[in-house]
Amino acid sequence: MPELPEVETIRRTLAGHVTDVRVRAVRLIWPGAFKGWGEQDFAEILTGRRIERVERRGKYLLLHLDEGWSLVAHMRMTGRLLYYPACQEVGPHTRGVFELERGELHFQDVRKFGRIQALPTEELNELPGIAALGPEPLEREFTPDVLRDRLRGKKACLKSALLDQRVLAGLGNIYTDEALFRANLHPERPAGSLGEEEAKVLTAAIKEVLSAGIEAQGTSFRDYRDADGRKGEFQRSLQVYGRQGQPCAVCGETLVRKRLGGRTTVFCPACQA
DNA sequence: ATACTCCCCTGTGGGC
DNA sequence: TGCCCACAGGGGAGTA
């Protein structure tokens, strides 16, 4: 579930707690979630390092450490990074604990899809997944022309193309459906068929829906929590996601659910031409 | 290259 | 009440 607005909210809540804080020890409860670098063990790399900066790229959370090391974390579906100011007993889904100079960081993940990798900061941009990421949709550089350019020639439907992190970084199932609804665009439109005006409307819709998501501190449809364990509020503003069978807030038509590219998609058959 | 499907996991909830 | 199974969805691997 964590998409750009959720990861950004985790980043902000986390940064306030762990910036300039040293890692005292690491306890890996389910080591499968953690990966070191070369011969070096994850815990070995991390122990004694100071967290200097917390950044985000797409849905990746980046923790830059001293001595030229970084952590790259991806929450996938159910991952959580929770900060506790004092010692905290581990829960049933805690996969690892970072003991800090001040407090503890718990990586919790029901479905074990999430991953945290340690690597030299200079290797970050070579990492498959990061290297191929498209532009940040909230940056000024992300314009309608850029979007249209990246969708040009694509035969896949708009919904699938927008989920492709190489096209742009950070959209997931929830915000893609919401953006397409706000742009009045049908999710099955061929991605490459977008006109100039449509690209303009879609770009604005993407920026708006992501900004609103961050403003609301994310969408807690089910699992998502920020680093303080708090839920977001954007689920209250969702117009289509999870609302199949209910009336469209704009025209009253019944919202339709359809599987596109293996993902559940909800849209208004009347508003989204 | 592109566009699919499958798989990784576990908890939840609907149907019978 | 209990059982079964589809479903949740990000992304990497595999396939045509």
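Each chain gets a letter, A, B and so on, in the order its sequence line appears, and its residues count up from 1.
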| task | Only pairs at least two apart or in different chains count here, so list each salt bridge (charged side-chain N to carboxylate O under 4.0 Å, His left out) that has a residue in residues 53-74 of chain A. | result | A:Glu8-A:Arg56, A:Arg22-A:Asp66, A:Arg49-A:Asp66, A:Arg49-A:Glu67, A:Arg53-A:Glu55, A:Arg56-A:Glu136, A:Arg57-A:Glu136

Check the interface with nucleotides 8-10 of chain B: list each N/O to N/O pair with the protein under 3.5 Å, or write none.
from: B:dC9; atom 1: O2; to: A:Arg111; atom 2: NE; distance (Å): 2.5
from: B:dC9; atom 1: O2; to: A:Arg111; atom 2: NH2; distance (Å): 3.3
from: B:dC9; atom 1: N3; to: A:Arg111; atom 2: NH2; distance (Å): 3.1
from: B:dT10; atom 1: OP1; to: A:Lys112; atom 2: NZ; distance (Å): 3.0

| In dot-bracket form, how is DNA chain B paired, counting a Watson-Crick or G-U wobble pair only if both its distances are under 3.5 Å and using | for bases paired to another strand? | .|||||||.|||||||

| message | If the condition is side chain to side chain contact (heavy atoms under 4.5 Å, CB included), which residues does A:Thr19 pass it with, not counting sequence neighbours? | response | A:Ala15, A:Val54

| query | Could you state the CZ-P distance from A:Arg56 to C:dG10, rounded to the nearest angstrom? | reply | 15 Å

| Got a sec? Which of residues 212-227 of chain A come in under 4.0 Å of DNA chain B, heavy atoms? | A:Arg222

| said: Suppose the criterion is ring pair (Phe, Tyr, Trp, His ring centres under 6.0 Å): which pairs have a residue in residues 114-160 of chain A, not counting sequence neighbours? | reply: none

Protein-nucleotides 3-5 of chain B N/O pairs closer than 3.5 Å?
from: B:dA3; atom 1: OP1; to: A:Lys155; atom 2: N; distance (Å): 2.5
from: B:dA3; atom 1: OP1; to: A:Ala156; atom 2: N; distance (Å): 3.2

Could you tabulate the donor-acceptor pairs under 3.5 Å formed by side-chain atoms of residues 102-109 of chain A, not counting sequence neighbours?
from: A:Glu104; atom 1: OE1; to: A:Gln88; atom 2: N; distance (Å): 3.2
from: A:Glu104; atom 1: OE1; to: A:His106; atom 2: NE2; distance (Å): 2.8
from: A:Gln108; atom 1: OE1; to: A:Arg80; atom 2: NH1; distance (Å): 3.3
from: A:Asp109; atom 1: OD1; to: A:Thr78; atom 2: OG1; distance (Å): 2.6
from: A:Asp109; atom 1: OD1; to: A:Gly79; atom 2: N; distance (Å): 3.3
from: A:Asp109; atom 1: OD2; to: A:Lys112; atom 2: N; distance (Å): 3.3
from: A:Asp109; atom 1: OD2; to: A:Phe113; atom 2: N; distance (Å): 3.0
from: A:Asp109; atom 1: OD2; to: A:Gly114; atom 2: N; distance (Å): 2.8

Side-chain donor-acceptor pairs under 3.5 Å in residues 119-134 of chain A, sequence neighbours left out?
from: A:Thr121; atom 1: OG1; to: A:Gly68; atom 2: O; distance (Å): 3.1
from: A:Thr121; atom 1: OG1; to: A:Trp69; atom 2: O; distance (Å): 3.3
from: A:Thr121; atom 1: OG1; to: A:Ser70; atom 2: OG; distance (Å): 2.8

| OP1, OP2 of B:dG11 versus side-chain N and O of A:Thr78: anything below 4.0 Å? | no

| Which residues pass the side chain to side chain contact (heavy atoms under 4.5 Å, CB included) test with A:Gln246, sequence neighbours left out? | A:Arg243

| request: May I ask you to say whether A:Glu99 pairs ionically with A:Arg27, meaning some side-chain N is under 4.0 Å from a carboxylate O? | output: yes

Can you list, pair by pair, the side-chain donor-acceptor contacts under 3.5 Å of residues 171-179 of chain A, counting residues two or more places apart and other chains?
from: A:Asn173; atom 1: OD1; to: A:Lys159; atom 2: NZ; distance (Å): 2.7
from: A:Asn173; atom 1: ND2; to: A:Thr264; atom 2: O; distance (Å): 2.9
from: A:Tyr175; atom 1: OH; to: A:Glu6; atom 2: OE2; distance (Å): 2.7
from: A:Tyr175; atom 1: OH; to: A:Thr219; atom 2: OG1; distance (Å): 2.7
from: A:Thr176; atom 1: OG1; to: A:Gly172; atom 2: O; distance (Å): 2.6
from: A:Asp177; atom 1: OD1; to: A:Lys159; atom 2: NZ; distance (Å): 2.8
from: A:Asp177; atom 1: OD2; to: A:Val266; atom 2: N; distance (Å): 2.9
from: A:Glu178; atom 1: OE1; to: A:Arg182; atom 2: NH1; distance (Å): 2.7
from: A:Glu178; atom 1: OE1; to: A:Gln239; atom 2: N; distance (Å): 2.8
from: A:Glu178; atom 1: OE2; to: A:Gln239; atom 2: N; distance (Å): 3.3
from: A:Glu178; atom 1: OE2; to: A:Val240; atom 2: N; distance (Å): 2.9
from: A:Glu178; atom 1: OE2; to: A:Tyr241; atom 2: N; distance (Å): 2.8

| task | Using the test side chain to side chain contact (heavy atoms under 4.5 Å, CB included), find all partners of A:Val256 that sit at least two apart in sequence or belong to another chain. | result | A:Phe267, A:Pro269

